[in-house]
Protein chains: 2
Amino acid sequence: MNLKELSHNLGLSQTTVSRALNGYPEVSPATRRRVEEAAKTFNYSPSTRAKGLATGQALAIGHVIPLSSKHEMVNPIFGDFIAGAGETYSRHGYEMILSIVDDDDERRIYEGLKSRRAVDGVIVHGPRMNEPRIGLLQDLGLPFAVHGRASGYDKPYAWLDVNNRSAFQRATDFLFDLGHRRIALINGLEVMDFAHRRREGYTASLRAHDIAVDAALMRSGEMTEVFGYQSTRDMLAGDDAPTAIISSSLISALGVRRAIEEKGLVMGKDVSVVTHDDALSYLQNGGDVPIFTATRSSVRDAGRKLAEMLLHSISNPNLPPQSVLLEAELMVGSSTGPAPRKD
Amino acid sequence: MNLKELSHNLGLSQTTVSRALNGYPEVSPATRRRVEEAAKTFNYSPSTRAKGLATGQALAIGHVIPLSSKHEMVNPIFGDFIAGAGETYSRHGYEMILSIVDDDDERRIYEGLKSRRAVDGVIVHGPRMNEPRIGLLQDLGLPFAVHGRASGYDKPYAWLDVNNRSAFQRATDFLFDLGHRRIALINGLEVMDFAHRRREGYTASLRAHDIAVDAALMRSGEMTEVFGYQSTRDMLAGDDAPTAIISSSLISALGVRRAIEEKGLVMGKDVSVVTHDDALSYLQNGGDVPIFTATRSSVRDAGRKLAEMLLHSISNPNLPPQSVLLEAELMVGSSTGPAPRKD
DNA sequence: GGTGAAATCCAAAGCGCTTTGGAAAACTGA
DNA sequence: TCAGTTTTCCAAAGCGCTTTGGATTTCACC
């Protein structure tokens with residue numbers, strides 16, 4: 001069923017039907033009702049493509065997911081973020097189009113999306129330090145919003161980020177308050193902007209407590225369970241083992257716990273653990289009482305909000321770029337406790 | 001830059017330029033080269049919408065992800081599957097459009113996709129028992145392919161599935177061979193088709209070994225770490241605790257391990273564990289030597305293949321529906337060992 | 001050099017919608 | 001009753017592409 005058929009069916013012109021359906025005022029209420037009902041019974045909805053052609057809008061947002069062929073890891077966050085953004089889109093009648101892209105092809109992909117007029121804007125995932133995509137998108141004039149930020153790029157642009165620095169500083173402070181002095185950081189890849197900021201928060205706290213930064217207590221890598229396990233095992237093996245560990249991801253934290261328990265130690269007593277928790281739906285940090293003390297911030301929520309921001313900036317193109325900094329909440333669970341006294 | 005401008009620039013008609021770009025034979029090689037170069041330097045690519053309108057193709061595949069508002073869980077498999085499918089699409093010049101949908105809205109969404117002519121076909125995720133979506137899509141005449149199968153629907157349709165039944169039967173047999181007799185199953189939600197089949201495989205093996213099915217040894221729920229942990233803790237607490245546990249997901253298996261170790265038992269010695277492993281990129285089952293003995297089948301690979309199947313069936317509409325049954329490989333890790341002798 | 005065939009190109013219609021510029025019909029109020 | 005509004009509707013152009021049907025040019029061959 002298309003507009004032509006529908007309007008013929010109603011004995012009206014396409015103009016009138018189109019106007020009735022799109023809420024224009026120059027249609028009598030009676031006609032409008034009649035049209036709307038017909039549209040429903042014939043299950044008519046306008047072709048996105050034709051509509052897009054006519055209006056110049058795509059009514060779609062692109063999500064470009066870089067997937068370096070080197071470390072072929074799909075970000076575990078991704079599903080939840082998308083779910084959040086998807087809610088927003090469907091509420092606004094937008095579609096989400098996804099491109100999984102090899103790092104090297106990114107430029108080409110953005111140019112393609114732009115020149116094919118396939119999307120009205122894009123969301124940038126996983127920004128790194130000095131992220132080149134941001135400049136590229138600004139040059140292209142394709143509206144965008146970044147999930148995270150890119151240190152080193154100073155012109156204004158739209159982003160939404162968790163305050164990773166303050167979250168990790170607070171987490172470290174918290175451990176200091178419990179008496180810990182040897183605090184380790186098991187971080188994500190530090191080319192990623194978020195990981196960089198987390199380390200900054202961590203070191204800032206150390207400095208504030210007059211504790212030297214010890215490279216032996218810092219690890220950086222893909223945040224897998226095994227990575228958390230191995231890092232912890234190694235660090236606990238040394239003489240001067242940490243009494244507390246901060247992990248960048250709940251998945252790694254599971255590995256941290258395993259290494260601790262394997263050594264016959266008790267988490268929250270012998271070794272305290274704080275982790276960042278993205279509140280992923282399939283990886284919940286316990287029930288009412290969290291297992292891990294965590295800096296918590298829902299990625300799903302971030303998806304919802306960032307999508308909202310992007311749509312808003314698309315319909316108000318002259319607004320200056322908006323940015324949102326979310327504070328993670330520190331949830332105290334049973335994985336932390338006072339530092340064990342030295343015997 | 002659009003076709004009109006480009007062709008004007010070249011002093012050719014739109015027809016010729018279009019033909020040159022689309023590989024039609026009635027263009028001289030010299031002209032074609034000239035056109036291709038111009039397209040590259042002007043960074044021209046045809047508008048998807050206009051092209052779609054003209055050809056009647058969408059050059060896009062829809063992925064509809066149901067997200068019941070009750071259990072708001074995003075399938076952890078999802079990211080990897082999408083990554084696989086995405087590879088295929090970009091290789092074939094297709095776009096992937098994603099709809100996150102509340103269960104109740106699904107019918108409406110499919111009808112919308114169809115009547116808006118937004119996609120050439122869809123992938124169905126997470127089929128349940130007697131999945132109603134399959135019949136709906138067949139009625140609509142929208143090409144589709146299912147990731148998994150739907151027991152209870154008997155007309156032919158395109159699907160790709162892991163042989164869940166044989167995988168879990170093999171896993172159970174394997175444990176029997178090691179001397180285990182009390183074997184537990186920690187399964188996914190059994191309204192999901194895959195979980196149902198896994199249980200069938202499990203019970204088939206029990207029957208073949210003349211062991212009665214014991215409801216106390218079977219759990220079914222969302223496959224979280226906590227679920228694995230709690231189920232295991234409960235079962236190990238009883239008199240007649242299992243000596244082996246089969247888990248439906250690596251995430252739950254992490255919880256299983258935790259419960260085992262918490263009780264001071266050793267996995268692979270006191271209690272054996274076999275898990276299904278979807279080979280998710282962010283949740284690897286150890287390095288070279290797998291931690292868990294597992295029935296393994298890459299979800300990413302499934303995504304690649306299923307997308308391929310769907311595209312193939314779209315370009316060959318008269319082919320009968322194809323279906324692929326993948327066999328999971330049984331990888332022996334260190335989480336299994338001979339059944340402990342009774343003292 | 002002339003013929004028919006092959007190679008090369010083009011104008012214009014059409015895909016399904018929105019929107020502009022008017023026309024016709026239905027109301028007003030004097 | 002009739003001019004002036006307001007309401008209600010419509011024909012047709014245009015969005016950027018593909019494709020049909022045809023025109024023109026080039027080529028091979030006698």
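Note on naming: letters A, B, ... go to the chains in the order of the sequence lines (proteins, then strands), and numbering restarts at 1 for each one.
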So A:Ser18 and A:Thr15, side-chain hydrogen bond (donor to acceptor under 3.5 Å, both in side chains) or not? Walk me through it.
CA-CA 5 Å; A:Ser18 167; A:Thr15 313; over 6 Å; no
Candidate nucleotides D:dC9, D:dC17, C:dT18, ranked by approach to the side chain of A:Val27 - the nearest
D:dC9
Contacts of A:Arg19 and A:Gln14 projected onto DNA chain C by closest heavy atom; the upstream (5') one is A:Gln14
Have A:Ser28 and A:Thr31 got a donor and an acceptor in their side chains that come within less than 3.5 Å?
yes
For atom CD of B:Glu26 and atom C1' of D:dT26, their distance in whole Å
16 Å
Please tell me which of B:Thr16 and A:Met1 maps to the more 5' nucleotide of DNA chain C, matching each residue to the nucleotide holding its nearest heavy atom.
B:Thr16
Residues from residues 36-59 of chain A sitting under 4.0 Å of DNA chain D, heavy atoms only?
A:Leu53, A:Ala54
Please verify the inter-ring angle class for A:Phe81 with A:His147; under 30° counts as parallel, over 60° as perpendicular, anything in between as tilted.
parallel
Atom pair distance, as rounded to whole Å: CG in B:Leu10 and C1' in C:dC10:
15 Å
Could you tell me how the ring of B:Phe144 sits relative to the ring of B:Tyr157: parallel (under 30°), tilted (30 to 60°) or perpendicular (over 60°)?
parallel
Grab the NZ-C1' distance between A:Lys4 and D:dA12 for me, whole Å please.
13 Å
Give the rounded distance in Å between these two atoms: CZ of B:Arg116 and P of C:dC17.
12 Å
Separation of atom CG in A:Leu3 from atom C1' in D:dC10, rounded to whole Å
13 Å
Exercise: do A:His92 and A:Glu308 side chains pair donor with acceptor under 3.5 Å:
yes
How are the rings of A:His63 and A:Tyr89 set relative to one another: parallel (under 30°), tilted (30 to 60°) or perpendicular (over 60°)?
perpendicular
Between the base of C:dT19 and the side chain of A:Thr15, is there a donor-acceptor distance below 3.5 Å?
yes
Just to confirm, is there a sub-4.0 Å distance from OP1 or OP2 of C:dT19 to any side-chain nitrogen or oxygen of A:Ser18?
no
Going by side chain to side chain donor-acceptor pair (under 3.5 Å), B:Glu111 matches just one of B:Lys114, B:Arg108, B:Arg107. Which one?
B:Arg107
Between B:Tyr24 and D:dT19, is there a contact of a side-chain N or O with OP1 or OP2 at under 4.0 Å?
yes
Side-chain N or O of A:Asn2 closer than 4.0 Å to phosphate OP1/OP2 of C:dC15:
no
Rounded to whole Å, the NE2-P distance (B:His8 to C:dA11) equals 11 Å
Between B:Arg34 (CZ) and C:dT8 (C1'), how many Å, whole number?
13 Å
Can you tell me the distance, in whole Å, between the CZ atom of B:Arg32 and the C1' atom of C:dT8?
12 Å
